[in-house]
Amino acid sequence: MKLDSLLREELGNACQKLFGVKPEQLQIQPTNAEFEGSHTLVCFPLTRVSKKKPEETAQAIGEWLTSNSDTVVRVNVVKGFLNLVLNDKVWVQVLNSILKEDNYGITPPTGDEIMVEYSSPNTNKPLHLGHLRNNFLGWSVASLYEAIGYNVHKVQIINDRGIHICKSMAAWKLFGNGETPESSGLKGDKLVGKYYVEFDKAYKKEVNDLIESGVAKEQAEKDAPIMKLAVDMLRKWEQRDTETVDLWKMMNGWVYRGFDETYHQMGVTFDKLYYESETYLLGKEEVLKGLEQGVFFRKEDGSVWVDLTADGLDQKVLLRSDGTSVYMTQDIGTAILRFRDFPKISRQVYTVGNEQEYHFKVLFLILAKLGYQWAKECYHLSYGMVDLPSGKMKSREGTVVDADDLMAEMINEAEAQTRELGKIDEMDQAEAKALFEMIGLGALKFFLLKVDPKKRMMFNPNESIQLQGHTGPFIQYTHARIRSIMRKAAEVKKVNAIVATDLQPQEQRLIHMLTQFPSKLKEAATEYSPALIANYAYDLAKEYNQFYQAIPIFAEKDENKIALRIALSGKVGEVIKKSMMTLGIQVPERM
RNA sequence: GGUCCGGUAGCUCAACUGGAUAGAGCAUCAGCCUUCUAAGCUGACGGUUCGGGGUUCGAGUCCCUGCCGGAUCACCA
């Protein structure tokens with residue numbers, strides 16, 4: 001039984017009887033805490049059909065309900081708001097119907113398919129805080145779609161091609177002395193990142209030297225020997241030069257193994273990886289095809305462009321005058337390849353920072369111009385930057401927060417606080433270690449996901465490592481508490497269904513919150529906003545703790561009430577767990 | 001300069017898409033462990049929702065305007 005539709009029906013009936021019309025829309029909202037009741041009908045919009053003042057409208061509907069409906073036992077009217085107090089029998093009915101569902105809130109597979117892309121880092125730098133937000137967001141959105149019945153394909157595009165990787169290769173060749181992850185003890189991505197920085201240093205010095213010797217800045221930037229080496233390597237790579245390709249393969253291999261470790265710690269996986277080196281040629285083909293069809297045009301120097309001025313945008317280059325492809329070119333190829341690989345997907349979601357909004361606007365327009373119907377089903381899940389107290393993260397200024405370091409720090413902090421609280425006395429080492437990770441990563445993930453993805457957010461390393469209050473560990477703790485209740489409840493005899501009884505307000509509120517879970521999941525998925533579920537889980541945990549504090553379970557004499565409270569607790573625990581799962585956060589049995 | 005975001009308690013964030021006296025956490029202060037886990041609970045303090053107009057029964061939310069912050073507008077990715 002759906003509480004919401006039940007209420008709507010009764011309220012509709014009341015309007016029908018009283019005013020002769022059934023309004024299309026009934027505005028129902030949760031009652032403010034300061035008034036009695038759980039649901040509130042907003043009566044201002046009804047004055048048109050009732051031909052009465054808001055208060056009188058509310059009064060009339062309220063009176064009709066109290067004398068004609070079993071659902072509503074009491075009402076009160078505040079201005080144009082009609083507050084409804086529901087029958088405890090109804091609450092118990094609602095609870096029983098929720099208890100019956102084994103996988104409450106989760107939609108079984110519907111056959112719909114969707115693709116979610118996230119991560120997609122460059123292969124020349126280690127992952128940082130911004131990637132954490134990206135990965136957690138993408139993973140969570142994918143999980144949310146799974147929860148509402150979709151078959152989700154999680155993918156990423158690996159930018160393994162281009163001048164940036166050649167820069168690291170050039171620097172390694174010049175200064176590396178054959179250094180490897182094994183010989184240096186450095187993670188592969190860190191090692192390659194180190195040479196990317198080396199390149200930058202050497203390059204700057206060379207440019208400066210040239211400028212001092214009288215070369216113009218622009219020319220110096222082209223003539224710097226190390227840059228020439230990198231450009232030469234890119235050319236050789238495109239010509240499949242064996243030595244260059246081998247070096248490229250080796251260094252990329254280091255990066256991937258390094259990234260794999262980081263992804264493993266993050267708890268994210270991918271169903272399929274796309275490599276730029278494998279899609280950019282398809283993109284090039286498509287651009288040339290579009291050129292033939294007259295969708296694009298060629299300038300005198302040979303470069304190929306798309307004209308988007310009619311769409312309020314600019315002209316955009318798609319192939320350089322030397323025929324090589326740009327970022328946009330490979331994204332065209334990748335998109336087409338993906339829809340070929342997965343023809344059943346109804347949507348493709350790109351989890352990419354908001355600094356690329358323009359890029360995706362252009363990409364989707366181009367795909368539409370090329371005649372791909374699915375172009376309108378491409379969605380850029382654009383999220384805000386993560387700022388530090390010092391401002392933006394800048395690799396040049398060394399203010400980048402490294403993903404591996406941060407996760408390790410969070411786990412260490414979780415361990416320190418857990419030990420201090422003496423929580424692991426009864427745990428073996430493996431359980432304790434798993435718990436530290438769960439808490440540390442839970443705190444980090446929740447912190448990054450509780451904020452509306454669209455908004456930029458602040459990360460203060462000193463203050464963000466917090467495990468109390470509006471945090472993941474608070475919710476995990478609530479779950480552990482509930483599990484503890486459930487272990488104790490195993491000794492109590494089971495009942496098949498909860499029998500009607502009088503309820504405490506805390507119990508009503510918990511049931512009310514449970515009824516909202518399915519629609520919250522749908523809302524979070526369709527809005528691409530894990531924050532909605534994060535805050536729902538927090539509110540539910542908060543509400544449960546109030547219940548826990550105020551109402552003893554096992555000290556109660558009435559067996560029906562004990563049964564109700566145990567069942568309610570169990571379901572709250574389940575919903576907390578499922579909510580957290582969609583955020584990629586695990587919850588412990590004890591902590 | 002054009003375009004697009006954003007501005008809410010000292011700080012970090014909410015606010016069910018136009019509803020009631022704008023809510024949480026952190027920080028500060030005061031209480032609650034002989035009782036199911038105190039990573040918890042209760043209370044206090046804290047607001048001209050950037051300013052100014054407008055729309056209506058009703059605006060943090062919609063429109064106009066000004067101020068502030070950010071992103072973007074590359075033959076970069």
Side-chain angles (χ1 to χ4, degrees), chain A residues 27-35 40 42-45 47 53-54 78-81 83 120 122 124 159 162-164 276 299 301-305 312-314 316-322 324-328 330-331 353-359 361 382 384-385 387 389 391-392 414 417-418 420-421 423 439 443 447 450-452 454-460 463-464 466-478 480-489 516 519-520 523 527 531-532 535-536 538-539 541-542 545-546 548-555 565-566 569 590-591:
Chain A
Q27 210 183 128
I28 300 173
Q29 62 188 39
T31 305
N32 277 13
E34 64 209 280
F35 304 113
T40 295
V42 183
C43 294
F44 299 94
T47 53
K53 290 178 187 168
V78 182
K79 293 193 243 176
F81 297 92
N83 301 322
S120 306
N122 284 332
N124 55 345
N159 301 293
I163 190 71
H164 58 272
E276 185 187 346
K299 288 194 177 173
D301 63 3
S303 55
V304 177
W305 295 70
L313 304 176
D314 287 325
K316 193 88 186 167
V317 70
L318 298 177
L319 288 177
R320 297 192 186 96
S321 47
D322 64 2
T324 56
S325 48
V326 293
Y327 185 51
M328 186 65 75
Q330 61 100 1
D331 263 3
N354 62 9
E355 78 267 13
Q356 294 196 36
E357 270 171 13
Y358 183 77
H359 172 79
K361 218 178 261 178
S382 164
M385 298 288 101
D387 288 323
K392 229 186 133 173
Q417 291 200 31
T418 306
E420 195 174 337
L421 290 169
K423 296 268 188 179
I439 295 172
F447 186 89
K450 73 176 179 184
V451 180
D452 182 345
K454 291 193 292 285
K455 294 190 179 172
R456 57 189 299 132
M457 66 181 296
M458 171 69 79
F459 185 90
N460 185 334
E463 291 170 12
S464 299
Q466 186 202 320
L467 311 180
Q468 290 85 25
H470 192 180
T471 65
F474 169 87
I475 302 168
Q476 290 172 319
Y477 175 70
T478 309
R481 266 186 157 177
I482 292 172
R483 294 309 303 162
S484 174
I485 295 274
M486 298 316 282
R487 282 192 293 273
K488 188 161 179 180
Q516 296 160 355
S519 59
K520 279 285 175 204
E523 197 188 348
E527 299 284 318
L532 295 175
N535 288 316
Y536 170 77
Y538 172 73
D539 291 338
K542 180 101 188 139
N545 278 319
Q546 286 167 15
Y548 181 92
Q549 197 79 23
I551 301 170
I553 296 176
F554 299 105
R565 287 168 193 168
I566 290 171
S569 296
R590 61 189 98 223
M591 75 181 267

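Throughout, a chain's letter reflects where its sequence line sits, starting with A, and its residues are numbered from 1.
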Within the structure shown, what part of the strands sits under 4.0 Å from A/Phe44 by heavy-atom distance: base, sugar-phosphate, or nothing? base
Using the C1' atoms only, state how far B/A15 lies from B/A22, rounded to an integer number of Å. 7 Å
Any base atoms under 4.0 Å from A/Glu420, or only sugar-phosphate, or nothing? Heavy atoms, all strands. nothing
Quick one: A/Phe35 CZ to B/G19 P, roughly how many Å, whole number? 16 Å
Applying side chain to side chain donor-acceptor pair (under 3.5 Å), run through A/Gln356 and A/Tyr327 and close with a yes or a no. CA-CA 12 Å; A/Gln356 294 196 36; A/Tyr327 185 51; 3.2 Å; yes
Establish, with yes or no, whether the OP1 or OP2 oxygen of B/U72 is under 4.0 angstrom from a side-chain nitrogen or oxygen of A/Gln356. no
Pairwise P distance for B/G40 and B/U21, with rounding to whole Å: 32 Å
Distance, P atom - from B/C26 to B/U34, rounded to whole angstrom: 23 Å
Residue pair A/Met458 / A/Pro389, side-chain heavy-atom distance below 4.5 Å: yes
Touch check for A/Asn83, heavy atoms < 4.0 angstrom, all strands: base, sugar-phosphate only, or nothing? base
Could you identify the nucleotide paired to B/U61, looking across every strand shown and requiring Watson-Crick or G-U wobble geometry with both distances under 3.5 Å? none
How far, in whole Å, is B/U42 from B/G25 if one measures between their P atoms? 8 Å
By the 4.0 Å heavy-atom rule, please label A/Ile566 as base, sugar-phosphate, or nothing. nothing
Taking the same atom, C1', in B/C16 and in B/G23, what whole-Å distance lies between them? 13 Å
Phosphate oxygens OP1/OP2 of B/A71: is one of them under 4.0 Å from a side-chain N or O of A/Lys392? yes
With a 3.5 angstrom cut-off on both distances, give the Watson-Crick or G-U wobble partner of B/U28, or none if there isn't one. B/A44
Using whole Å, report how far CG of A/Leu467 lies from P of B/C26. 12 Å
Determine, for A/Trp305 and A/Lys316, whether the Lys NZ or Arg CZ falls below 6.0 Å from the six-membered ring centre while staying within 45 degrees of the axis. no
When rounded to the nearest Å, what value does the distance between P atoms of B/A20 and B/C62 take? 16 Å
Nucleotide by nucleotide, nucleotides 3-14 of chain B touches protein heavy atoms under 4.0 Å in the pattern (B base, S sugar-phosphate only, - none) -S--S----SSS
What interatomic distance, in whole Å, is found between P of B/C33 and the corresponding atom of B/G52? 49 Å
Within the distance-only criterion (no hydrogens, no angle test), does the side chain of A/Thr47 pair as donor or acceptor with the backbone N or O of A/Cys43 below 3.5 angstrom? no
To the nearest Å, give me how far apart CG (A/Leu318) and C1' (B/A74) are. 13 Å
A/Ser484 side-chain N/O to B/U37 phosphate OP1/OP2 under 4.0 Å: yes
Among B/C36, B/G19, B/C41, the one nearest any side-chain atom of A/Phe554 is B/C36
How would you label the contact of A/Ala480 with the nucleic acid (heavy atoms, under 4.0 Å): base, sugar-phosphate, or nothing? base
Taking CD1 from A/Ile482 and P from B/A39, how many angstroms apart are they, rounded to a whole number? 16 Å
Minimum-distance nucleotide (side-chain atoms of A/Asn545 versus B/G19, B/C41, B/A38): B/C41
Any heavy-atom pair between the side chains of A/Phe474 and A/Leu467 that's under 4.5 Å? no
How close or far is atom P of B/A39 from atom CD of A/Gln549, stated in whole angstroms? 11 Å
Hey, does A/Val317 reach any base, or is it just sugar-phosphate, or nothing, if we go heavy atoms under 4.0 Å? sugar-phosphate
Whole-Å distance between B/U37 P and A/Gln476 CD? 18 Å
With a non-hydrogen cut-off below 4.0 angstrom, is A/Gln29 in contact with a base, only sugar-phosphate, or nothing? base
Need the pair for B/C13. Rule: Watson-Crick or G-U wobble, both distances under 3.5 Å, any strand; none if unpaired. B/G23
Could you measure between the two C1' atoms, the one in B/G47 and the one in B/G7, and give it in whole Å? 15 Å
Nearest-nucleotide pick for A/His164, side chain only, options being B/A77, B/G40, B/A20: B/A77
So what does A/Pro389 hit on the nucleic acid, given a heavy-atom distance under 4.0 Å: a base, only sugar-phosphate, or nothing? nothing
In whole angstroms, how far is the P atom of B/A38 from the CZ atom of A/Phe474? 13 Å
Applying a 4.0 Å non-hydrogen cut-off, can you work out what A/Gln466 is touching in the nucleic acid: base, sugar-phosphate, or nothing? sugar-phosphate
Presence of donor-acceptor pair under 3.5 Å, side chain of A/Thr418 and base of B/A39: yes
Going by modelled atom types, is there a donor-acceptor pair between the base of B/A20 and the side chain of A/Thr40 at under 3.5 Å? yes
What is the nucleic acid contact for A/Lys53, judged by heavy atoms within less than 4.0 Å: base, sugar-phosphate only, or nothing? nothing
Nearest to the side chain of A/Asn122 - B/A77, B/G25, B/A39? B/A77
Please determine whether a side-chain nitrogen or oxygen atom of A/Tyr477 lies at a distance below 4.0 Å from atom OP1 or OP2 of B/A39. yes
If pairing requires Watson-Crick or G-U wobble contacts with both distances under 3.5 Å, which nucleotide is the partner of B/C33? none
Between the base of B/A20 and the ring of A/Phe81 - centre-to-centre under 5.5 Å, planes within under 30° - is that a stack? yes
Using Watson-Crick or G-U wobble geometry with both distances under 3.5 Å, which nucleotide pairs with B/U3? B/A71
Could you tell me whether the side chain of A/His470 reaches within less than 4.5 Å of the side chain of A/Phe447, counting heavy atoms only? no
Would you confirm whether the ring centroid of A/Phe35 sits within less than 6.0 angstrom of the ring centroid of A/Phe81? no
Starting the side chain at C-beta, find the nucleotide from B/U37, B/G19, B/U17 nearest to A/Arg590. B/U37
Nearest whole Å is fine: how far is B/A74 C1' from A/Met328 CE? 12 Å
State whether A/Lys79 places a side-chain N or O below 4.0 Å from either non-bridging phosphate oxygen (OP1 or OP2) of B/G19. no
Under 4.0 Å, counting only non-hydrogen atoms across every strand here, what does A/Pro54 touch: a base, just sugar-phosphate, or nothing? nothing
Run the salt bridge (charged side-chain N to carboxylate O under 4.0 Å, His left out) test against A/Lys454 and tell me which residues pass, sequence neighbours left out. A/Asp452
We want to know whether A/His359 and A/Asp331 form a side-chain donor-acceptor pair, criterion being a heavy-atom distance below 3.5 angstrom. yes
Hey, is the side chain of A/Arg320 poking within less than 4.0 Å of OP1 or OP2 on B/C76, counting only N and O atoms? yes
Please examine the side chains of A/Ile485 and A/Ile553, heavy atoms only from C-beta on, and report whether any two atoms are closer than 4.5 Å. yes
